[in-house]
Trainee: 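I am attaching a structure below and will ask some questions about it afterwards.
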Amino acid sequence: MVTIKDIAQAANVSASTVSRVIRGNPRISTHTREKVKATMKAFNYQPNQAARTLATKQSNTIGIIQKSASIEDSQNPFVIDVLSGIFSECKNHGYSTISTTNNETIGIELEVQEMIHYHSVDGFIVLYSKKDDPIIDILKAHAMPYVIIGKSLTNDGIIHIDNDNVSASQSLTRLLIDKGHNKFLFVAETGDYEVVKDRVAGHLKAIEQAGSLTEIVYFDKNRQHIRSFFQELIKYRTLPTIVITTDTLLNHLILSVFYELKLHIPTDIQTATFNDSYLNVFASPPQTTVNIYPKSLGEVAAESVINVIQGHDIVDFNKLIQTTIIERDSTTTIQGV
DNA sequence: CAGGTTGCACAAGGAACGTA
DNA sequence: TACGTTCCTTGTGCAACCTG
């Protein structure tokens, strides 16, 4: 392994000088700087990250805390897009990333505590917002820099990057009411997440204003439960004109159930969902969605946490990313309305 | 001589390993 | 078991050197 001493010897300078060149210290002349840089390149020298962490107590690594590493969560296009934004922004600033890999809260807690204990990370990005979250208590107790992608629950000086989900959901419902819908079914994810609460709240706001009908139901991603629910609906009650889901994957489960129950979209029933991605473009029929720009959420989150780590002044603690409704074939025509 | 540049010595950090 | 040493890098204060 090539160390700073080898470079110093080869360039005929001291290790301090090499270190100063690496850190961009202005005390080094242009001539010496170029000579050291050329030697580092010739030796393909990479600073020892472990030693650097030891010396500076900085790892140049951002920890990413996911609500779960289950396949449903980690392969969710929303999460993939958010991560893509985080990766590119971290790379731009010379930071790498590590992510939690556990499915259970207790496992995630242990992973986070280990990352803090071993100085593996300089700060964290939390990919969800949840009330009374024990993970947040750990971050606070260790005074770790962190930002949250999700809603701010308290004015506690923590940066939150979010969309206005109440307003986005309200706009989507209002648009669908304007298109003639008057009987909604709103399918929300279980799990006490703030984003879901806001989307339900926005939907109810628009419903109240228009005097339309809706029913709110909560499902986890269990196809059997969803199937049974719609079977009973068809058998004993009247179908809604449209189903809105709070999440793309939940929407896809419902699409597959509709296919099995021979419910044709958009003629028998219509669908709309949140978190636009290629899955909604490729779906049959293509799905009307709310684009919440997950890559931007990730980019702003990464930039914000790096600013906190580097001690920059924070002006805006609640950063809102815009949303856009994208209409596709799943809500094009309405039969009998 | 003044000012700019570089070197030296040392401390600090956590873990692993060696020695008394 | 307790203590010392080593690994590698960074940051700092001060000394030494070089050039105009």
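Keep in mind that this is a model prediction, so the values were computed, not measured.
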Trainee: Would you check, one step at a time, whether the test side chain to side chain donor-acceptor pair (under 3.5 Å) holds for A/H160 with A/S129?
Mentor: CA-CA 9 Å; A/H160 288 77; A/S129 174; 5.0 Å; no

Trainee: For residues A/T273 and A/T289, is any side-chain donor paired with an opposing acceptor at under 3.5 Å?
Mentor: no

Trainee: Quick check against the 3.5 Å criterion: does A/R223 have a side-chain atom that pairs as donor or acceptor with the backbone of A/S256?
Mentor: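 Confirmed, A/R223 side chain pairs with A/S256 backbone.
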
Trainee: Taking A/E111 for the side chain and A/N102 for the main chain, is one N or O donor matched with an acceptor at less than 3.5 Å?
Mentor: yes

Trainee: Could you encode protein contacts along nucleotides 11-19 of chain C as a string, one character per nucleotide from 5' to 3', using B for base contact, S for sugar-phosphate-only contact and - for no contact, with a heavy-atom cut-off of under 4.0 Å?
Mentor: SBBB-----

Trainee: What is the distance from CD1 of A/I4 to P of C/dC8, rounded to the nearest Å?
Mentor: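 Computing the A/I4:CD1 to C/dC8:P distance gives 11 Å.
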
Trainee: Compute whether any side-chain donor of one residue and acceptor of the other, for A/H203 and A/S169, lie under 3.5 angstrom apart.
Mentor: no

Trainee: Whole-Å distance between B/dG14 P and A/I116 CD1?
Mentor: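 Atom CD1 in A/I116 sits about 15 Å away from atom P in B/dG14.
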
Trainee: C/dC8, OP1 or OP2 - any side-chain N/O from A/Y45 closer than 4.0 Å?
Mentor: no

